[in-house]
Structure formats: C-alpha cells, structure tokens
Peer 1: 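Submitted below is the structure of interest, expressed as structure tokens.
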Amino acid sequence: MLLRMSSLFVRTLREDPADAEVASHRLLVRAGYIRRAAPGIYTWLPLGLRVLRKVEAVVREEMEAAGAQEVHFPALLPKEPYEATGRWTEYGPNLFRLRDRKGADLLLAPTHEELFTLLVKDLYSSYKDLPLTLFQIQTKYRDEARPRAGLIRGREFVMKDAYSFDVDDEGLDASYANQRAAYQRVFQRLGLEYVVVAATSGAMGGSRSEEFLNPTQIGEDTFVRSAGGYAANVEAVTTVVPPAVPWDDAPAAHVEDTPDTPTIDSLVAVANARFARPDREWTAADTLKNVVLALVSPTGERELLVVGLPGDREVDLKRLEAAVAPAEVETATEADFARHPELVRGYIGPGVLGANRGVDADGAPLGVRYLLDPRVVPGTRWITGADVPGRHVFDLVAGRDFIAAGQDGAENTVEAAEVRAGDPAPDGSGPLELARGIEIGHIFALGRKYADALGLTVLDRNGKSVVVTMGSYGIGVSRVMAALAEANHDDAGLAWPAQVAPAHVHVVATGKDPAVFAAAESIATTLAGRGTAVLYDDRPKVSPGVKFADAELLGVPLLVVVGRGLADGVVEVRPRRAGQAGTGAEQVPVERAADRVGELVDALLAGSGGSEQA
RNA sequence: CGGGCUGUGGCGCAGGUUGGUAGCGCGCUCGGUUUGGGACCGAGAGGUCGCGGGUUCGAAUCCCGCCAGCCCGACCA
C-alpha cells in the first residue's frame, strides 16, 4: 500500500482549530483525519478512515476469535420493537426520531438489543441452538444533549455491539466471561491502558455490568480505585460500615439554643463557642445533616425523601439516583416544604422524620420517608436539628434516640453520600483515590429483560419453553480511536501505535535532487511491494521543514528521510517516538533501507504494550 | 436545561467604545529565486462582517429580537 502525499486527499492545518479543546480532537482535525460536519458529527477523511478501519479490524478479529459471528443491522429502524421494551419513551430526547411519508415512526438506532433479540427469536427455537453470540460494527445515533471533545462524545459514532444468548444463568456467566476476556485482549492489542470497574446498569437494566475505562484527565467518567486493586464507578461504591458503638455511658440527648445556625459551618462554630467538648473541637463530621429531596417515579408520582448523613458530606445525586432507580431525584421545592411544615429548614432533625414521628394503626411511619447514610450506625452520637428554629439537639444517639425509615433495618440506609478521596475501599484494599476515564467498553449481563419483553423463548431439553437470558457488550470504536490519539501524542502531533497507524512508514524526500526522489521512490515502492503500508511524501517544491512538521503531525510510527545523506550512500531511519523501535535515528545504507525498515516495522507490530491497570 | 464565551474570505484572528473605501497572518493561484526543520520576492483570486428588524445621509461598528457554535455543569449503554 502506497499513499503519495502529492495526491492524498488531506490538508494539514498549521494552527489549532478554534473549536477544539482536547488534544485528540485538535490533532485529528489538524492532521486532516476528520472534519466536523455538524455538532458531534464527523466526516472521515482517508487517513482517519484507515485508522478507524484498523481499530475495527482488531475488534473484529478478537470477536471472531471469541466465537462471535458478525451480522449487520440497519441503523434506520421501526419504532415497534422499541415500544415493546419501553425504550421508545425511556430514551426520551436522546433518540433521533423521524417519520416516513406514510407517517410511520422510525428511529436511528442508539443500540440494538431489540433487533438482535427479534432476529434470534425469528430463527431459533431450541436450546440446542444456544449458546450464541452475535456482533456487529455499526454506526449508532444518539442525540446527546451536549456532544463534546470531537470523537469522544458524538451524536453519530461507530460501535461494536455484541449480544449473547443462553438458556440459563450458568451459560450467561460463561458468555459474559468470554466477552470480558475478549475485551481485555482487544485493549491489550491496541496498547490502550484500561481499568475494569463495577458499574450500575442504568437504563439498560440487568443484573451486573462492568465498564472498561481508559484513565485520562480528559475523561468524562469519575471512578475510584485503591492501591490494592479495587476499582469501581462512583455510583457502585459501597460504604464501609463501621461497627456499632455501645451507648450505655452516653449522655442523654439535650436540646440547646443555637441561634442563627442554618448551615453546618455556623452550627459547628456555635457548638465550639458555647458547648465546647472537653476532648477536642466539634467538627462537621459530628453533625447529622438531613437533606430534603424529592423522588419522582417513572409514572410521575412525587415523594419526599430525607437523607441523613454526616455534616461533612454532600449528597451525590447520581449515587442516590442509582440507589433509588428507576425513580429520579430532584431537590425539594418551596411547594414541597409548604406541604410539610414540620420540616424547619436549617433545623431539621430525625424527630419529625419517618417512624420517629410515630406510626399509624398499620405501623406505617407518619413522618417523611427517612434514610440514613450507612455510617450512622447504632450508638453514634450526633448534633442535629431540633425541628425548632434556632435550636439543635446534642448527643442524639442513633438506635437509642432515633431510627431511619422502618423498624427492621433492611431499608434504613442508602448509598447517597459523596465518595471522597481517602475513603476506605469496600474490599479493605486501602484508601480510594478519585480518577477520570473515558468509557471505552461496557459489558452487561442483561438477563431476561429483553427476551421477556419480546418473547424470545426456546424449548429446553424437557420440551418446556424457557425465556432466553442475554448479555450485551459494547465497544465505542470511534471513541477508542480518540482515546488512542489522546494517549499517543506530543506537542508536535500524533504518534500512533503501529497496529492502528494509517501507514507503517513515512518516507520523506527532501531537496530537489532528482536522485533523491528516485531513491525515495524506490524505497517506497519496494516496501509497498512487500506489504508494508507506506506514506510517501513526494511533493516537489515543498521545503523539508514543512515535510518534517507534517510527518510529526500525522504520526506514522517510522520515518525514512532521503536527502543529503544520499551523497554518502545512506538514508536516515527514525521512529516517531524516541526510544521506540531501536535506539533512535540511524543512518542506513540506501540499499539496506527497505530491509531495515521491514525489521523495525515487524518489531513495532510485535511489541504491543497495553496493560490492565490496578 | 442553567452559567460563561464567541460568531468578520478555506483556517487563525484584528477592527467595534469614537458609525464613513473591510484588514492582518496562514493557506490557495501565477512567475521567479530557494530546498535537512513550518523559505523569500513580485503579481493575483477569494468576504451577503451569523440572521431579521430598527436608528442614521451612511452600520461589521449603535439599539431590539432571533439563531448558531464552543467551554463548564446537569444529562448520558
């Protein structure tokens, strides 16, 4: 394969595009790999398309090696299957919808669970046909509220989506593990650093899911990890529950005047000034903050919820939402407070909440639903609101003086508090640190949600009809390309791993000596004839500086410079990245150039460097 | 959806307060000189100044309205 710069459809930009912020976006546009067509929608130019195809090829090979079979669905789909699973409405404004001339509703697929399920239902009906895993590499459409960062969050993007079908849970576990291992091989081969984090399954439903994140500062997802190997999405982190504390010698609760203390900070200040502890200062962590929120169910019902948590922590709405799904969480409104005069803002305490307010004849709590942070274990002592303006109660002991929602304890706590750096990992593997990452893959053990909704059943060995259980597995192919660009660049430009580079070697002819162009042409065609992908800068009348700058911007891993050294019978061979492929620049006799480049290309292709972190 | 910033040749920007011939750099075309780190000289092509309305003899510039884009947040397999 030989591409000539003189005729290649590419225009490199000397300056950064004004609308690009992150490196991958900036450089992919500057180097002429992609062009913006509309917000979050990009046109692929020859070089960009070559890289995308190479990423796809790696994904395809590993899917096939894992036994998945490739199919291809339309992107334009009828709405009926999505109505059957409820996603026509659930997806809301993120779904691109359109109407044909007859008035029928269509959509541009954001993901294809429904169609795969129906296809298998159409063709298969026996347990003997399973297990089965199908995949496609296809363009997806989501009308994101805020596309950003070029290919990282687009409204049109390329995704590999795979779906597994099994008769039973053991089968699903095996299929899931199989895909998970394939993902590890894909990212390993691409040389892309990744962590696997436990995730919540969100709108997809299902029992279990894991995200593959590429750690980078520009990532959109926050996750936590510990030195000991724990990693999780913030929503999935569980709090380490401290042991209960005996309260036998705890002082009785007492209400004190604490005027003008509507905030935690002001309360702590007054507590220290007027009710000083003998052993240490009061801190925000000694206070119990009761935050009023509203849960809105999918059917629109609104219920108030008060979360009690240590005063030094904020409520993380995303964590709470994950805990109360499918309900959505909103902050309480004036109207909410108006309906509940017992909630004295700034001075809300457990006394008026949940069953602490008393129970009705059926034992149902009279107060607003009340859930506690798991750290509020029995025996812990708190300063909290006395439900009267300007007054707080001290030494209020959990379990002795108040309880959460119900009597039994099962439903009493909620994972709603923010996770902070330094919090202990739930598996005891050390303190957590917060990090950002790009979600490059997500795998779900879906279970029977889609098969149930769409009636995908097979006969088992007893001739009984059973619902098939499914998994779905996605890799954002175009996003992976952006992550690779992000991880492989420097100030001068891109620096692709050989596995995905648009060419293996970039031959540059400098000067105007016809002998130089003849030698460069010979090297380029020799290499191309041997199957090496060559980008040859054969532009006449272009200065060496421009050619070098372009070569560095385009990021092909090996550079061959044919120029003044030719008088001594040598050309220069050097890697795009110092330290790669040998020791750096080397002078190679012109007749050996093709052989030497071949060796270096082989070495680069052999040495992929990805790794699972943490 | 909230907050901020920005719309002027293909790209990056100045001009705007103080209304009066639309400018600079890059890129592009032609001629010439150059050729190992984004060369130089000369001659050119290319713009409804985001859109609509208003003020004015005259609007890129002032006023009103709208639209679009980018960034942060909310949202998001």
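Within every chain, numbering begins at 1; the chains are lettered A, B, ... in the order of the sequence lines, protein sequences first and strands thereafter.
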Peer 1: Going by the side chain to side chain donor-acceptor pair (under 3.5 Å) test, which pairs reach into residues 511-524 of chain A, not counting sequence neighbours?
Peer 2: Arg4(A)-Glu521(A)

Peer 1: Mind checking what makes ring-ring contact (aromatic ring centres under 6.0 Å, His included) contact with His25(A), not counting sequence neighbours?
Peer 2: Tyr42(A)

Peer 1: Taking CD from Glu220(A) and P from C71(B), how many angstroms apart are they, rounded to a whole number?
Peer 2: 10 Å

Peer 1: For Glu314(A) and A74(B), what is the distance between atoms CD and C1' respectively, to the nearest whole Å?
Peer 2: 16 Å

Peer 1: Which dot-bracket string describes RNA chain B (Watson-Crick N1-N3 plus N6-O4 or O6-N4, or G-U N1-O2 and O6-N3, all under 3.5 Å; [ ] crossing; | other strand)?
Peer 2: (((((((..((((......[..)))).((((((.....)))))).....(((((..]....))))))))))))....

Peer 1: Say you pick atom C1' in G50(B) and the same atom in A45(B); how far apart are they, in whole Å?
Peer 2: 25 Å

Peer 1: With a cut-off of less than 4.0 Å, is there a side-chain N or O of Arg36(A) near OP1 or OP2 of G69(B)?
Peer 2: no

Peer 1: To the nearest Å, how far apart are Glu418(A) CD and G73(B) P?
Peer 2: 16 Å

Peer 1: Mind checking Glu552(A) for me? I need base, sugar-phosphate or nothing, with any heavy atom below 4.0 Å counting as a touch.
Peer 2: base

Peer 1: Check every strand shown and say whether Lys547(A) touches a base, only sugar-phosphate, or nothing at a heavy-atom separation below 4.0 Å.
Peer 2: nothing

Peer 1: Please report, rounded to the nearest Å, how far the P atom of G37(B) is from the CG atom of Leu553(A).
Peer 2: 19 Å

Peer 1: Send over the distance from Glu439(A) CD to C75(B) C1', rounded to a whole Å.
Peer 2: 14 Å

Peer 1: By nearest atom, which of the nucleotides G69(B), G38(B), G36(B) is closest to the Pro39(A) side chain?
Peer 2: G69(B)

Peer 1: Once side chain to side chain donor-acceptor pair (under 3.5 Å) is applied, do any residues pair with Asp169(A), and if so which ones, sequence neighbours excluded?
Peer 2: Arg448(A)

Peer 1: Is there side-chain contact between Ser6(A) and Arg539(A), with at least one heavy-atom pair below 4.5 Å?
Peer 2: yes

Peer 1: Just the rounded figure in Å: distance from C1' of C76(B) to CD1 of Ile152(A).
Peer 2: 15 Å

Peer 1: With a 3.5 Å cut-off and heavy atoms only, can you find an N or O donor on one side and an acceptor on the other between the side chain of Arg142(A) and the base of C76(B)?
Peer 2: no

Peer 1: For a 4.5 angstrom cut-off between non-hydrogen side-chain atoms, does Trp44(A) reach Ile34(A)?
Peer 2: yes

Peer 1: C1' atom, C26(B) versus A14(B): distance in rounded Å?
Peer 2: 15 Å

Peer 1: Which donor-acceptor pairs under 3.5 Å do side chains of residues 145-159 of chain A form with protein atoms, sequence neighbours excluded?
Peer 2:
residue   : atom : partner   : partner atom : Å
Arg148(A) : NH1  : Glu220(A) : OE2          : 3.2
Arg153(A) : NE   : Glu220(A) : OE1          : 3.1
Arg153(A) : NE   : Glu220(A) : OE2          : 3.2
Arg153(A) : NH1  : Glu144(A) : OE1          : 3.1
Arg153(A) : NH1  : Glu144(A) : OE2          : 2.9
Arg153(A) : NH2  : Glu220(A) : OE1          : 3.2
Arg155(A) : NE   : Pro39(A)  : O            : 2.8
Arg155(A) : NH1  : Asp143(A) : OD1          : 3.1
Arg155(A) : NH2  : Pro39(A)  : O            : 3.2
Glu156(A) : OE1  : Tyr141(A) : OH           : 3.1

Peer 1: Could you measure between the two C1' atoms, the one in G25(B) and the one in G65(B), and give it in whole Å?
Peer 2: 36 Å

Peer 1: Does a salt bridge link Arg577(A) with Asp490(A), judged by any charged N lying under 4.0 Å from a carboxylate O?
Peer 2: no

Peer 1: Taking only residues two or more places apart in sequence, or in another chain, which ones meet Lys547(A) in a side chain to side chain donor-acceptor pair (under 3.5 Å)?
Peer 2: none

Peer 1: On a whole-Å scale, what distance lies between the P atoms belonging to C49(B) and U21(B)?
Peer 2: 14 Å

Peer 1: So which nucleotide from G27(B), C76(B), G37(B) ends up closest to the side chain of Arg14(A)?
Peer 2: G27(B)

Peer 1: Does Ala20(A) or Thr12(A) map to a spot on RNA chain B nearer the 5' end, using the closest nucleotide for each?
Peer 2: Thr12(A)

Peer 1: Work out how far the P atom of C11(B) is from that of C62(B), and round it to whole angstrom.
Peer 2: 24 Å

Peer 1: Going 5' to 3' through nucleotides 2-12 of chain B, assign each nucleotide B (protein heavy atom under 4.0 Å from a base atom), S (under 4.0 Å only from sugar-phosphate atoms) or - (no protein heavy atom that close).
Peer 2: ---------BS

Peer 1: What is the distance, rounded to the nearest whole Å, between atom CD of Glu21(A) and atom C1' of C70(B)?
Peer 2: 8 Å

Peer 1: For nucleotides 33-35 of chain B, list the nitrogen or oxygen atoms of the protein found under 3.5 Å from its nitrogen or oxygen atoms, one pair per line.
Peer 2:
residue : atom : partner   : partner atom : Å
U35(B)  : O2'  : Gly511(A) : N            : 3.4

Peer 1: Determine, step by step, whether Phe187(A) and Phe212(A) satisfy the ring-ring contact (aromatic ring centres under 6.0 Å, His included) criterion, reporting the C-alpha distance in whole Å, the side-chain angles of both residues, the deciding distance to 0.1 Å, and the verdict.
Peer 2: CA-CA 9 Å; Phe187(A) 298 128; Phe212(A) 288 71; 5.7 Å; yes

Peer 1: Applying side chain to side chain donor-acceptor pair (under 3.5 Å), can you list everything that pairs with Thr12(A), at least two apart in sequence or on another chain?
Peer 2: Asp550(A)

Peer 1: When the P atoms of G7(B) and U61(B) are compared, how many Å lie between them, rounded to an integer?
Peer 2: 13 Å

Peer 1: Considering heavy-atom distances to RNA chain B, does Val561(A) or Arg148(A) have its closest nucleotide positioned more toward the 5' end?
Peer 2: Val561(A)

Peer 1: For Asp550(A) and C26(B), give me the distance from atom CG to atom C1', rounded to whole Å.
Peer 2: 13 Å

Peer 1: Please give the distance between the P atoms of C41(B) and G27(B) as a whole number of Å.
Peer 2: 12 Å

Peer 1: Within a strict 4.5 Å, meaning less than it, do heavy atoms of the Tyr194(A) and Ile440(A) side chains meet?
Peer 2: yes

Peer 1: Less than 3.5 Å apart, which donor and acceptor atoms pair up between the side chains of residues 68-75 of chain A and the rest of the protein, not counting sequence neighbours?
Peer 2:
residue  : atom : partner  : partner atom : Å
Glu70(A) : OE1  : Arg60(A) : NE           : 2.7
Glu70(A) : OE2  : Arg60(A) : NE           : 3.4
Glu70(A) : OE2  : Arg60(A) : NH2          : 3.1

Peer 1: Touch check for Ala551(A), heavy atoms < 4.0 angstrom, all strands: base, sugar-phosphate only, or nothing?
Peer 2: nothing

Peer 1: Kindly write out the residues that satisfy side-chain contact (heavy atoms from CB on, under 4.5 Å) with Glu418(A), not counting sequence neighbours, or none if the list is empty.
Peer 2: Arg313(A), Glu314(A), Asp316(A), Arg420(A)

Peer 1: Under the rule for side chain to side chain donor-acceptor pair (under 3.5 Å), what residues qualify as partners of Ser164(A), not counting sequence neighbours?
Peer 2: Tyr473(A)

Peer 1: Would you measure the distance from the P atom in C64(B) across to the matching atom in C24(B) and give it in whole Å?
Peer 2: 33 Å

